[in-house]
> 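Mind looking over this structure? Questions follow.
Start at 1 with the first residue, then count along the sequence. Numbering of ligands and ligand atoms starts at 1, following listing order.
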Amino acid sequence: MTNHKNNTKALHYGHDTKLSAGARAVPIYQTSSYVFDNTDNAADLFALRESGFIYTRLNNPTNDILEQRLAAVEGGVGAAVFASGTAAIATTLLTLLKSGDHIVSSSSLYGGTYNLLSVTLPRFGIDTSFVDADEPENFRNAINDGTRAVYLESLGNPKLDIVDIEAVAKIANKFDIPLIVDNTVPSPALLNPIKFGANLVIHSLTKFIGGHGNSLGGVLIDAGNFNWENGKFPEFTEPSKGYHGLVYSETIGPAAFVAKLRLEGLRDLGGALSPFNAFQIIQGLETLDVRIKRHSENALKIAQWLEENPEVAWVNYPGLKSSKYFELSKKYLPEGQSGIISFGLKGGYERAKKFTDSVNVFSLLANIGDTKSLIIHPASTTHQQLNDEQQKSSGVSRDLIRLSIGLEDADDLICDIENAISTSK
Ligand SMILES: *Cc1c(COP(=O)(O)O)cnc(C)c1O
């Protein structure tokens, strides 16, 4: 299987049907724990002398197959799944960092991540400098002696800015700091950040990968390409107090980070994914490639239509020639620019609310990446807790309407938008 391409891997990787009664679908192992052969076997499992399952907070056979497939399609050496994208982000940062450490992050972030970095982590002594990611040099200028992570979203939600990952990776690499990329909006079917030098890749599996709006989940994929022995990360090179003296970089090797994330992060913070949700997300991953291309096709059609409409003040979609990110999209997203569009109507905040209340096919809710089309007005909802300055730097203007384009017929979606434009006048 290791020689196959990504679509084949997404369907088959990690599942030996002989070990699951011949079941063609990946079974749901809905169990909290696993019977040990005897006390010696249990001791060996806990000491990592033998590999196997102990307790579903740490690992589970259904989750394990999902992890293997996600690592394979992103090109990493290992993965750990979580109860949500947010749990993946928080557990990753809390495994990597300690009080006194510093993060340099793009300011164009998912609202929850922005709050984690700007409000919650500072309570634990972990501060973040936010930079405008359009200029990679801004990351370099914000790095200081305490910086231990560089963080960005490959396609920012909801700003839809494409970051020049390769340029930022070179800077992070030069300073021996891992680059963490949240690749949720493009999904692994459109972009693999590891190819451009990312060290750790995160997804909210809730979005396009699960794809049907029915299950939360998250993942961290370890590229296995970061040198933890560069002197800046003693927790990986010295005997771990948290796991009876294990030296991660030495014993585990390239997958040191994801091992610590599982053995200490999942054990101590507990954000484990339910095996039932893992099953749902596996169904999504099997069709991701065909779905995301249709999401992208539909979105491009609608973005082009919006651009021609006189009631529309501006449209932001990285696949449009008018987009400031069009050149970068040719490098990073040549096969499609995903399903998210943002735009503003003449009439600003009030008309944005009115428009949002006037659509019929689109559902007003706080999610993206569903088969069904979705709509939200971030300034009054997901981003209402940010002040004006923060709303601006995260790319959320007062009039911004975010669409997550689904798999309906594009003509029906356009018709719905056209009606809502008239109604909201
Ligand atoms: C949704 C989202 C998250 C958070 O994921 P949850 O599964 O909702 O916790 C993180 N990053 C991005 C880019 C997202 O869109």
> Please identify which atoms of ligand 1 are closer than 4.0 Å to at least one heavy atom of E153.
13 (C)
> Is it true that A88 lies under 4.0 Å from ligand 1, counting heavy atoms only?
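No heavy atom of A88 comes that close to ligand 1.
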> Under the salt bridge (Lys or Arg N to Asp or Glu O under 4.0 Å) rule, what do R69 and E286 come out as? Steps first, then yes or no, please.
CA-CA 10 Å; R69 290 183 182 179; E286 290 188 357; 3.7 Å; yes
> Would you tell me whether N183 and E74 have side-chain atoms, one donor and one acceptor, within less than 3.5 Å of each other?
yes
> Can you find a side-chain donor-acceptor pair between H295 and S338 that sits under 3.5 Å?
no
> Find all atoms of ligand 1 within a distance of less than 4.0 Å from any non-hydrogen atom belonging to S84, and give their numbers and elements.
7 (O), 9 (O)
> By number and element, which atoms of ligand 1 are closer than 4.0 Å to a non-hydrogen atom of G217?
7 (O)
> I need the minimum non-hydrogen distance between L220 and L200, along with the two atoms involved.
CD2-CB, 3.8 Å
> Could you label the plane-to-plane angle of the F257 and W228 rings as parallel, tilted or perpendicular, counting under 30° as parallel and over 60° as perpendicular?
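Ring orientation of F257 relative to W228: parallel.
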> Counting from 1, what ligand 1 atoms have a heavy atom of I368 closer than 4.0 Å?
15 (O)
> Under 4.0 Å from a heavy atom of D182: which atoms of ligand 1 are those, numbered in the order shown and with their elements?
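Taking each heavy atom of D182 in turn, ligand 1 has 10 (C), 11 (N), 12 (C), 13 (C) under 4.0 Å.
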> Select one of side chain, backbone, both or neither to describe which atoms of T86 lie under 4.0 Å from any atom of ligand 1, heavy atoms only.
both
